[in-house]
Amino acid sequence: MSAAANHLHKCADTSVTPVKTTIHFSITDKVGALDDCLAAIKAMHISLTRIESRPSKTADWDYDFFVDFNAVDVEQVRQVAKSLEPLAKQVHVVGGTGGASASSDLPESTPWFPRKMIDLDTFADKVLEMGEELDSDHPGAKDAVYRARRAEITKIAKTFKTGQPIPHVEYTETEVKTWAAVFEKLTGMFPTHACREHQHVFPLLIQNCGYGPHQIPQLDVVSKFLKDCTGFTLRPVMGLLTSRDFLNGLAFRVFHSTQYIRHHSRPLYTPEPDVCHELLGHVPLFANPDFADFSQEIGLASLGASDEDIERLATIYWFTVEFGICRQGDQIRAYGAGLLSSFGELEYCLSDKPEIRAFEPAKVAQQKYPITEYQPVYFVAESFKDAQMRVREFANSCDRPFSVRYNAYTESIEILDSK
Ligand code: HBI
Ligand code: FE
């Protein structure tokens, strides 16, 4: 079933409450064409609650627009989509909150968020960068073979739907060699630099998931393993998602993972996430129950959050899940995936060079950070449980007028009216 059909199906019996809808369309000429589209919606006496735009990855000079509005009923949603069709490319209804739950009278300004696991299917082609094109300073930018290979692999993510097994990739000899170089280098450092949770899980990944220098583990196998450990699953992704989409996934215990590998010319460098980063850095921690709870807590806080709060939560994510360090006995160890997958920074973060501060989310959320250099500051967590408690406290201080709970039986989000 398409996202649009799914949406319409869900809303079929709720004609009285307004149908909060997000519609996505792409257009070529930003100014004039957008005006026409908005005029078409306005002509139906519908007021928009939010517009998001970004350069499209589908063709040069296209723009993607995500427009939120309240329709009176499902028929009106259909009419809006129909009126946009001659004016824009690729019109589709990507989601709606209307009617998903009886207690869903959310404030109008609430950004759309996924309510069911299946709603994550709408993120597939909303990639920010590195989806299909590569930046000019990417080590693989001028390598046509590499670019074609990436396109082949990201096609899996582009067409993946919730509930399907993740198709296996038959990695080439060159790709496995790159993986082996990273694997050997990092596993040599884990015993002295990684936190105990990471070290506890790593042998299990070797036994159960085919971890080792001679093959790149398959996302599908790893996802099933994580599901058994903590309920976390992996979803293939084409490249970077927006912070909002990426964090929203965590609310469902879903981690969006790339499936391609960095360019072979620089095995110890990558400007973006790749399988080495995901499998060696992130995956081991998602097998830990306390860390899984902690990560989901950030995800739940991100659902329907304001743009400002998303920024704050993304910063907290950055200084924990990516670049977190923790106290273990009289030592400090790394648990952030950005550290655990970087030979240089793993050494540096535990040296006496960077500044180390206590993990206090309200302060962490304000911290500026470089993305292309080693971090000048790290925050040390006392434990994942303690960090989760602090994030929950922080989330309660955010200005969201409702709270949410994840129902694991139905794989859906329940809205707990006002808090
Ligand atoms: N998208 N695919 C993907 N992987 C990430 O690790 C990722 C992302 N988008 C944003 C992001 N990370 C973070 O830096 C925070 O903004 C959440
Ligand atoms: Fe990461």
Side-chain angles (χ1 to χ4, degrees), residues 52 54 57 111 113-114 120 122-132 134-135 150 153-154 156-158 160 166 182 186 198 219 222-223 226 232-252 254-262 269-286 291 294-303 305-324 334-342 345-346 349 361 364-365 367-373 375 391 394-395:
E52 226 183 287
R54 57 183 72 119
K57 287 293 161 195
F113 61 88
L120 301 181
T122 62
F123 297 171
D125 46 15
K126 283 174 72 188
V127 206
L128 277 180
E129 51 185 286
M130 315 261 200
E132 279 166 338
L134 296 179
D135 274 359
R150 295 248 313 205
I153 293 175
T154 53
I156 292 176
K158 204 172 186 169
F160 180 83
I166 307 171
V182 183
L186 290 172
H198 188 279
L219 293 194
V222 174
S223 183
L226 289 180
F232 250 87
T233 55
L234 302 181
R235 246 193 107 101
V237 71
M238 292 177 70
L240 285 176
L241 296 175
T242 63
S243 294
R244 181 184 292 282
D245 291 348
F246 184 74
L247 295 177
N248 280 185
L250 295 177
F252 295 80
V254 167
F255 181 72
H256 283 87
S257 170
T258 53
Q259 204 170 8
Y260 49 77
I261 195 161
R262 61 195 65 185
Y269 169 80
T270 171
E272 53 170 349
D274 74 334
V275 272
C276 301
H277 169 75
E278 323 284 25
L279 295 175
L280 300 172
H282 284 293
V283 162
L285 273 302
F286 285 124
F291 185 82
F294 168 76
S295 306
Q296 185 178 27
E297 199 69 46
I298 299 180
L300 289 167
S302 77
L303 298 173
S306 65
D307 290 348
E308 295 72 32
D309 284 339
I310 289 291
E311 200 55 49
R312 288 199 271 263
L313 291 164
T315 304
I316 291 172
Y317 175 92
W318 179 269
F319 283 111
T320 55
V321 181
E322 291 296 348
F323 293 97
Y335 72 90
L339 300 172
L340 291 164
S341 65
S342 159
E345 192 161 358
L346 188 51
C349 74
V364 176
Q367 182 66 39
K368 294 271 173 283
Y369 53 89
I371 52 172
T372 52
E373 305 157 26
Q375 299 302 310
V391 166
F394 174 81

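Order of appearance sets the numbers: ligands from 1, and atoms from 1 within every ligand.
For atom 4 (N) of ligand 1, the closest heavy atom belonging to the protein is F246 CE1, 3.3 Å. Looking at atom 14 (O) of ligand 1, its nearest protein heavy atom turns out to be W318 CE3, 4.1 Å.
Of the N or O atoms in G239, one or more lie within a sub-3.5 Å distance of an N or O in ligand 1. For a threshold of 3.5 Å applied to N or O pairs, the pair formed by L241 and ligand 1 contains at least one separation below that value. Taking only nitrogen or oxygen atoms, main chain and side chain alike, T258 does not reach within less than 3.5 Å of ligand 1.
Residue V237 has at least one heavy-atom neighbour below 4.0 Å for each of these atoms of ligand 1: 2 (N). Atoms of ligand 1 found under 4.0 Å from any heavy atom of E322 (numbered from 1 in listed order, with element): 6 (O). Those atoms of ligand 1 with a heavy atom of S243 less than 4.0 angstrom away are 15 (C), 16 (O).
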Applying side-chain contact (heavy atoms from CB on, under 4.5 Å), run through F123 and R235 and close with a yes or a no. CA-CA 11 Å; F123 297 171; R235 246 193 107 101; over 6 Å; no
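For the atom pair M238 CE and I153 CD1, the distance stands at 12.0 Å (nearest 0.5 Å).
Atoms NE2 of H277 and OE2 of E322, as seen from the Fe ion (ligand 2), are separated by an angle of 130°, to the nearest 10°.
When each of L250, I310, D309 is tested with S302 by the rule side-chain contact (heavy atoms from CB on, under 4.5 Å), just one qualifies, namely I310. H198 pairs in a side-chain contact (heavy atoms from CB on, under 4.5 Å) with only one of the listed residues (V283, L285, L280), which is L285.
In L247, the part holding a heavy atom less than 4.0 Å from any atom of ligand 1 is the side chain. Looking at L240 against ligand 1, both its backbone and its side chain come within 4.0 Å, counting heavy atoms.
You'll find the ring centres of F246 and F255 inside the 6.0 Å limit. Ring-centre distance between F323 and Y369: not below the 6.0 Å cut-off.
In this structure a side-chain-to-backbone donor-acceptor pair under 3.5 Å is missing from R244 to F113.
Ring geometry, F286 versus H282: the interplanar angle falls under 30°, so the pair is classed parallel (tilted spans 30 to 60°).
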